[in-house]
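Remember, predicted model here, so these are calculated numbers, not experimental data. Residue numbering restarts at 1 for every chain, and letters A, B, ... go by the order of the sequence lines.
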Amino acid sequence: MGEKDGSLRVHLAGEPLAFDLGGHRTGGVSIILGGRSFEAQVSLEERRITVEVDGRRYLFERSDVPEVGAARRPQGDAEVLAPMPGKVIKLLVLPGEEVRANQGVVLFEAMKMQNEIRSPLAGRLVAIAVREGQAVESRDRLFTVKGEPGEK
Amino acid sequence: MGEKDGSLRVHLAGEPLAFDLGGHRTGGVSIILGGRSFEAQVSLEERRITVEVDGRRYLFERSDVPEVGAARRPQGDAEVLAPMPGKVIKLLVLPGEEVRANQGVVLFEAMKMQNEIRSPLAGRLVAIAVREGQAVESRDRLFTVKGEPGEK
Amino acid sequence: MFRKLVIANRGEIAVRIARTCRDLGISTVAVYSDADRDGLHVRFADEARRIGPAPSTESYLNMNALLEAARDAGADALHPGYGFLAENAEFARRCQEQGLVFVGPTPDGLALMGDKAAARRIARDTGVPIVPGSEAVSSDQHAIREARRIGFPLLVKAVSGGGGKGMRTVSSPSELLGALRQARSEASSSFGDSAVYLERYLHSPRHIEFQIMADGEGSVIHLLERECSIQRRHQKLIEECPSPRLDPDLRYRMAEAAVAVARAASYRNAGTVEFLLDNEGNFYFLEMNARLQVEHPVTEMVVGLDLVKLQLRIAAGGRLPVSQEEIRPRGWAMEFRIAAEDPFRDFLPCPGRIDFLRPAGGPGVRDDSGVFAGGEVTPHYDPLIAKLIVWGEDRADCLARAERALREYRVEGISTTLPFFRRVLRDPQFRAGEMDVGYIDRNWRGWAAESETISLEKERDRAAIIAAAVSAYRAGSSRRRRIAPPADRSAWVRAGLEEQHGSRR
Amino acid sequence: MFRKLVIANRGEIAVRIARTCRDLGISTVAVYSDADRDGLHVRFADEARRIGPAPSTESYLNMNALLEAARDAGADALHPGYGFLAENAEFARRCQEQGLVFVGPTPDGLALMGDKAAARRIARDTGVPIVPGSEAVSSDQHAIREARRIGFPLLVKAVSGGGGKGMRTVSSPSELLGALRQARSEASSSFGDSAVYLERYLHSPRHIEFQIMADGEGSVIHLLERECSIQRRHQKLIEECPSPRLDPDLRYRMAEAAVAVARAASYRNAGTVEFLLDNEGNFYFLEMNARLQVEHPVTEMVVGLDLVKLQLRIAAGGRLPVSQEEIRPRGWAMEFRIAAEDPFRDFLPCPGRIDFLRPAGGPGVRDDSGVFAGGEVTPHYDPLIAKLIVWGEDRADCLARAERALREYRVEGISTTLPFFRRVLRDPQFRAGEMDVGYIDRNWRGWAAESETISLEKERDRAAIIAAAVSAYRAGSSRRRRIAPPADRSAWVRAGLEEQHGSRR
């Protein structure tokens, strides 16, 4: 792979391809390849790059950053993080109680919409890191679920 | 004049005024003053700041940068600069010839439009710094006119 | 006409109202919370007044602050927009007491239509069919009794509600109390009134509504219907005018019913009569929204009238300037609600900074944005940031233009509902006009998953996508400071970069 | 319909054409010079091909390169837009020879209308009055002879011209040869044809043109007129549809004349018949533009049809899908040509980078931009960057909305014609519909000067402006790297900052 004057050369399955990349990065990348013109919108997040071309969407994901909302830990536990800034309205499960997969644990309000933050797996709620009424930031830890042994 | 938290205090004719300035500079400045809301578009150029408010336009000019197009020198001469990048199509006056005020000296093409660059004053064309067909950048010197003694 | 008008709202609707006021030479007063100092609506108004801190209960729902702002500014009218206090009879009454014209129905009219249970009675008494349901439920016990009578599934709905807020679907008795709690809490924070009622849940009906205009002097006209069946959690995402389902006969009968309800209620100003339509062509009165709707622009595009202007004229004591016969519809219009929500994460709201904005343009495209490039979408309010409205000569033309416009539209920095719309536009059912309120629940999960998988037919397409990713990856470190670019490329999974890696040899 | 179409143009019109092609499912091929790799039209097309270096003679006027691009792409049609080769009969013929459908008149039709002198003969023979003038002048001597016959003032016009390019006003014999030289040179570089002719200069007429659509199968209709009197150096800046000057009778007579000329010429596809109208209500055929006009959107807004779509249908061999009786105009529309020109420096073109772009939006507003924020306006081509089109229920409504939209519109980084439009909209004469082609020359110089003087009634207004200037001044050093902020504030002259300085005590 090499780059020269806004063009990019890639060998794909042995075949050399010459891309012509436009100069502007905001507002999408303009790519000309084999006479075809694409406008790709690319967004970078901590965990993934999303590329949207012609209304279709492609993901490139990282494996080493915990997923927001429901990150499975190696031991079969899940640590659930706040997906965005918001407020904890109500705790729906008490620490120590059993939870089903997809059961709501925290009632969360953001942008005037209430959503239940659910347990990603069946198991036991071992820790709740927030209290009712608390304002949280994106990626603050909300609660931890320890998976059922049999479920692992 | 003092500033605190995006607000700006100015004493004008003895009366204190509190401005509330919006946080975004591109896209115009949002100003709230005495309950009134203004969106001011401001453009900075080498020689002036232009402020446009509600479709009206106000200029703040510098006195120490020569004006583009026709800068009168102290001696009563004028040095005329290229107003923008373009091409010299034709020289309409020869060096040493007399020119009237507002007489075309250089036929200039930019963005497919031809314009005559005129002499700002009556006098003698003492120097031409470009030749026909030459591409010039903005603010390149085009020609110099020496003012008539009587005109000074 | 009014001299100075307070816009008691924010975002795109405040901008919308400010625009028409400018057109009419009415001076405008924007109000803003601390979170909205840099809002577009502040810039588009002639005056601006702070009304409180970010939480809406202390600002946009704060009657005292709003009335004080109006008094201080010397305003003679107030437009409430939609949501917040738009359908609050007490607020309308307090405006009136202060000598401020409330642009909307009379306080009594609001109280009547705001009490969804009372509105249902009016419809029933006028001979318009209604969905079986309860009055406002006074307690959990009352709710349980009524629920048993109505049967499951059912809906819990806010008495003062609208826009899907304070509304919950309940499929079995065990879910009832939780749903009541959530609906009451949401209703309280959205409308300052926690009262709710129950209604039978109809299976996959269409949501069709009629735009009404009444001058309170006897003239009541309708401005056609809007098809609003594309909903998620009772929030509309796509609306169109007219409805692809109605034939002239059904349209006539529903319009007659809508006008009859408005007449029976002695309604004044703009209102919307909502119906559910089942697939046998039976329609049921649902409620009447006593305000301007979010989706009013599709009507404007088709009838060629400015609904806010009509509202202002009527509020200023004027008669309706058009008769029913003079309403001459032209073409077809659709609205797409561009919200700061990630359709790939269950439409989770995602506030943030808009780095780049390029709305669609060209023939048939109208842009009603409440934001601008460089602006911030705050987490405090509704995630709607802009409305894309598309008009065409007929539905096929409108669909084609919508597809084009959605393709052009660029928002960077936050996730939006745009990818959702692009996918819906490719669906043969939607294109054929076949839709009901269950459409999104039935289809979207599968579509979202499908788009997460890289499955490209052509190597060249794949290569282009890789190029875009690589290009963004390179540019990333300099441009986006808030997000650390991944340090180690080998940590990236899925086909994309691995393919490229593998193809290097 | 076509499968793949080459857009042999750039900027906003290439974007415009790409949009309709997308609507119709026609694949598009953009062409670009080296200066336009980052043009919006490249992004909005399905394919893109480089056709040469920046100068238009080597790219957009390069027939060989265009035809080769079309061949390589396997296109079956070509749309020339306006300007460049749009009215070049040879190019149309070469397209035809290559089996490429040229979207426009036949080569013969182009040759006929392209020869302005021949077009004048047709009009005269059809009984339509023409402005006295010459055939193409073969030499300076010939021109001098003809000029003497016609009398001064007169106009030198390019035989292949349009858009004011290659056109000069000559008020006395001594200016004739200079004007001929300039017009020939400009005509040559714009149209690849230096031939010019002379025409009597009418004193302050209106410029009114009729949009024609003809399918070449006998159907010729008109889509009303456009008022295009707001011109500077024969370039239109504001257009509207309909004209405030025409009453139904005059409209009928002019439309009949326009259709008669098109019929007599066996015209096919979209065309515009231009007239001059004097203040006694006499009209004169000026010429017929055998192409899509820049200002076609005002017609589209009023008649509710897509003119590019009609062009494509006709070019694909279809009949006109509408009859004259089916054309039902609604409301009023105006177009404002936003150009990278500084109205305060005699409309000097000013290319550069667009730092921020916020087009107007809301009801009645259509945005046809050829640029985007972050993009570069190159010095190589026409300075038109965007068209703002506004529609209203009637002229008063349209004026109000236009004023609002112009106030909203923001372009930063380059000077544009926006301040000019804002000023014109405040002029009582323009608002009353009183205008002629001398309007700008008579008024603008004075208005431009007036706005250069700070004369504020209220201290507070003055203070706000000072605040804005101070704020920009502070932000300047960090944001605008290309421009050095002034080092010494005391070097700033005029009232503004001095006032502030003086008020400090």
* Asked: Between V145(A) and L125(A), which heavy-atom pair has the shortest distance, and what is it?
  -> CG2-CD1, 4.1 Å
* Asked: For D382(C), what residues pass the side-chain contact (heavy atoms from CB on, under 4.5 Å) criterion, not counting sequence neighbours?
  -> K165(C), Q235(C), L384(C)
* Asked: Can you check whether R118(A)'s main-chain N or O pairs, donor with acceptor, with N102(A)'s side chain at less than 3.5 Å?
  -> no
* To do: Measure T378(C) against the heavy atoms of chain A and call it side chain, backbone, both or neither at under 4.5 Å.
  => backbone
* Asked: Sequence neighbours excluded, which residues qualify as side chain to side chain donor-acceptor pair (under 3.5 Å) partners of R100(A)?
  -> none
* To do: Examine whether an atom of V377(C) lies under 4.5 Å from a heavy atom of chain A, and if so say whether it belongs to the side chain, the backbone or both; otherwise answer neither.
  => side chain
* Asked: Mind checking whether E79(A) and L81(A) have side chains closer than 4.5 Å, heavy atoms only?
  -> yes
* Considering only heavy atoms and a distance below 4.5 Å, find which of E341(C), Q182(C), H380(C) pairs most often with chain A. => Q182(C)
* Residue pairs fulfilling salt bridge (charged side-chain N to carboxylate O under 4.0 Å, His left out) with at least one residue in residues 177-192 of chain C, sequence neighbours excluded -> D140(C)-R184(C), R168(C)-E186(C)
* To do: Sort by residue number and list every member of residues 90-98 of chain A having a non-hydrogen atom under 4.5 Å from chain C.
  => K90(A), L92(A)
* Non-hydrogen side-chain atoms of F336(C) and Y409(C) separated by less than 4.5 Å -> no
